[in-house]
Amino acid sequence: MTERIVVVGAALFDGGRLLAARRSAPPDLAGRWELPGGKVEPGERPEGALVRELREELGVDTEPLAPVPGEWALRPPYVLHVWTARLRPGSAAPAPLQDHDALRWLTPAEVWDVDWLDQDVPAVRATLAQWAAEAHGS
Ligand code: DCM
């Protein structure tokens, strides 16, 4: 049996908005939007991978907050997990340094305005459910 490899995506929140990143590569994913992140390396914790990937791809300093319950299938052997995160005080603003060519901070009303990767859609939906629950104090 092939080992599964976790890709961790960030639900990065700032000022009540969620960051979406448009992929510039590979060609089959280019132009579609994702929760930015990447593969967890052997021996690495998912939240460590998240901080590393966001620094590499977006130049930001982030604090992981909590996992969003769920696991979503990507192309085998990859599966997608999501963690909420926020910018640490003093972090630079995110910039599309690697893998992306556009970024958007989405209000709750704007979340479905972007063309998310198919596999990110259920993950974004789960993130929104958690976001709504937090907003209502539960
Ligand atoms: N991926 C995805 N959704 C995300 C993040 C990544 O479907 N939110 C996929 C794209 C790649 C793989 O995971 O096939 C690894 O991502 P990366 O190339 O960013 O390391």
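Both ligands and their constituent atoms are indexed starting at 1 by order of listing. Note that the coordinates shown come from a computational prediction; the quantities given were computed from them, not determined experimentally. Start at 1 with the first residue, then count along the sequence. We use all heavy atoms of the structure for the numbers below, so side chains are in, but hydrogens, waters and symmetry mates are not.
Taking every heavy atom of Gly37 and a limit of under 4.0 angstrom, the matching atoms of ligand 1 come to 19 (O). Less than 4.0 angstrom separates some heavy atom of Val7 from each of these atoms of ligand 1: 5 (C), 6 (C), 13 (O). Ligand-side atoms of ligand 1 in range of Arg75: 14 (O), range being under 4.0 angstrom from any heavy atom. Numbered from 1 in the order shown, with element, the atoms of ligand 1 that lie under 4.0 Å from a heavy atom of Leu117 read 2 (C), 3 (N), 7 (O). Listed by number with element, the atoms of ligand 1 under 4.0 angstrom from any heavy atom of Leu29 are 10 (C). Distances below 4.0 Å separate heavy atoms of Asp120 from the following atoms of ligand 1: 2 (C), 3 (N), 4 (C), 7 (O), 8 (N). Close approach of ligand 1 to Leu35 (heavy-atom distance below 4.0 Å) involves ligand atoms 4 (C), 5 (C), 8 (N).
Proximity of a side-chain donor or acceptor of Asp120 to a complementary backbone N or O of Leu35 within less than 3.5 Å is detected. A distance-only check finds no donor-acceptor pair linking the side chain of Ser24 to the backbone of Ala30 [under 3.5 Å]. Between the side chain of Trp116 and the backbone N or O of Val111, at least one donor-acceptor pair lies under 3.5 Å. Side-chain atoms of Arg88 come within 3.5 Å of backbone N or O of Thr62 as a donor-acceptor pair.
At the top of the distance list for atom 5 (C) of ligand 1, counting protein heavy atoms only, stands Glu34 OE1, 3.2 Å. The nearest heavy-atom contact from the protein to atom 19 (O) of ligand 1 is Arg23 NH1, 3.2 Å. In terms of protein heavy atoms, atom 7 (O) of ligand 1 is closest to Gln119 NE2, 3.0 Å. The closest protein non-hydrogen atom to atom 9 (C) of ligand 1 is Leu74 CD1, 4.0 Å.
Ionic pairing of Arg17 and Glu110 is not present here: no N-O contact between side-chain nitrogen and carboxylate oxygen is shorter than 4.0 angstrom. By the 4.0 Å N-to-carboxylate-O rule, Arg52 lies close enough to Glu41 to be salt-bridged with it. Between Asp118 and Arg32 there is a salt bridge, since at least one side-chain N of the basic residue sits less than 4.0 Å from a carboxylate O of the acidic one.
For Glu56, no heavy-atom contact with ligand 1 is shorter than 4.0 Å. Within the 4.0 Å heavy-atom criterion, neither part of Glu53 lies near ligand 1.
For the pairing with Glu34, the salt bridge (Lys or Arg N to Asp or Glu O under 4.0 Å) check across Arg22, Arg104, Arg23 returns one residue only, Arg23.
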Evaluate Glu71 against Arg4 for salt bridge (Lys or Arg N to Asp or Glu O under 4.0 Å), listing each step before the verdict. CA-CA 11 Å; Glu71 175 174 286; Arg4 89 200 203 307; 2.8 Å; yes
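At least one heavy atom of Gly38 sits under 4.0 Å from some atom of ligand 1.
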